[in-house]
Amino acid sequence: MQAADVWGSRWSSTAHPLSHRFMEAAVEKQTLVVLAADLETTAELVQLINQVGPHIAALKTHVDMVEDYSKEAWRDVVEAAHRHGLLLFEDRKFADIGRVSQTQMGGVYDIRSWADIVTAHRVSGPDIVDGIAAGWDDVQRIGGIFLLAQMSSRGNLLTESYTDETISTGASSPHVMGYIGNGSSPDEVSSLREKVGEGKMIWTPGVNLSAEEGILGQRYGHPSDAIKAGSDAVIVGSGIHKSDDPVAAAKAYADATWSALKTR
Ligand code: S5P
């Protein structure tokens with residue numbers, strides 16, 4: 001199966017090379033799942049990656065939630081991800097001015113040296129995108145940015161006009177791979193897709209196969225609905241890492257998203 005055939009206009013309209021890498025991995029493994037590996041030790045992270053690696057297309061981390069972080073221990077996480085052909089997506093949600101964001105790409109965690117993708121809020125202004133890109137430039141690497149255009153959490157302040165500004169920043173930057181959308185609401189996802197057009201990715205958290213209310217304000221929708229509404233990947237955390245059988249869970253999310261993509 002060729003990625004270009006499966007993804008159609010998304011493949012042909014997308015410019016960012018990492019988007020193509022993602023789409024290829026998704027087709028190879030037949031999954032549109034990005035694992036939100038929200039675990040607190042590097043050993044647990046490595047174990048989970050090795051378990052579910054065959055059923056996921058990228059790995060999303062929160063490096064600052066890891067209790068035993070060290071450069072050496074983190075290298076094990078990165079190597080495990082690479083063994084499974086996963087892009088490394090650090091969900092840093094940068095939000096400061098451009099110059100500070102550039103510096104924060106380095107620092108203790110040195111995100112610029114291992115992350116292929118990061119998230120950023122648009123709140124401080126459009127220059128955050130160039131700041132982050134300059135961070136990768138400092139280590140002669142190229143990465144991709146996802147701007148938060150919507151959020152899955154209840155009561156968030158990302159209004160319709162904020163979403164529009166975010167899309168217009170992303171549209172004018174080659175560094176922006178796409179947007180985070182609200183996977184708990186198919187209506188919001190399809191409205192976002194309409195505004196974004198074909199040329200950028202939309203990845204959606206707020207997805208769970210048992211779509212009950214999450215804790216602390218998280219909201220959930222069904223993975224197939226998010227994909228059919230125009231999302232290109234579902235970001236799944238608890239649905240996999242809190243499951244009694246993470247491998248079976250990852251496979252179930254993979255199957256749901258893959259068949260939804262084929263009917264889209
Ligand atoms: O609006 C958002 C944006 C993000 S990136 N809502 C989210 O939940 N996320 C992230 O997705 C969040 O940081 C977490 O890592 C993941 C959702 O986890 P789950 O356990 O609720 O599936």
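Along the sequence shown, the residues carry numbers beginning at 1. Remember, it's 1-based here, ligands and their atoms both numbered in the order they're listed.
With hydrogens left out, the protein atom closest to atom 13 (O) of ligand 1 is His62 NE2, 2.9 Å, a heavy atom. What sits closest to atom 1 (O) of ligand 1 on the protein, heavy atoms only, is Ser152 N, 2.8 Å. The protein atom (non-hydrogen) at minimum distance from atom 11 (O) of ligand 1 is Pro205 CB, 3.4 Å. Here the protein heavy atom with the shortest distance to atom 22 (O) of ligand 1 is Gly237 N, 2.9 Å. Among all non-hydrogen protein atoms, the one lying nearest atom 21 (O) of ligand 1 is Tyr220 OH, 2.6 Å. Among all non-hydrogen protein atoms, the one lying nearest atom 5 (S) of ligand 1 is Asp91 OD2, 3.0 Å.
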CA sep, side-chain torsions, deciding dist, call: Ser184, Asn182, side-chain hydrogen bond (donor to acceptor under 3.5 Å, both in side chains) = CA-CA 5 Å; Ser184 76; Asn182 174 16; 2.7 Å; yes
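Some N or O of Ser238 is nearer than 3.5 Å to an N or O of ligand 1, by distance alone. Between Asp38 and ligand 1, a contact under 3.5 Å exists for at least one N or O pair. Between Ser153 and ligand 1, not a single N/O pair is under 3.5 Å apart.
The backbone N or O of Gly53 lies less than 3.5 Å from a partner atom in the side chain of Lys29, making a donor-acceptor pair.
For Phe146, the heavy-atom gap to ligand 1 stays at 4.0 angstrom or more.
From Ile97, atom CD1 reaches atom OG of Ser124 across 8.0 Å, with rounding to the nearest 0.5 Å.
Counting heavy atoms only, Gln218 comes closest to atom 8 (O) of ligand 1 of the residues Arg92, Gln218, Met151.
In this pair, Trp203 and Phe22 present their aromatic rings tilted. The plane angle is within the 30 to 60° band.
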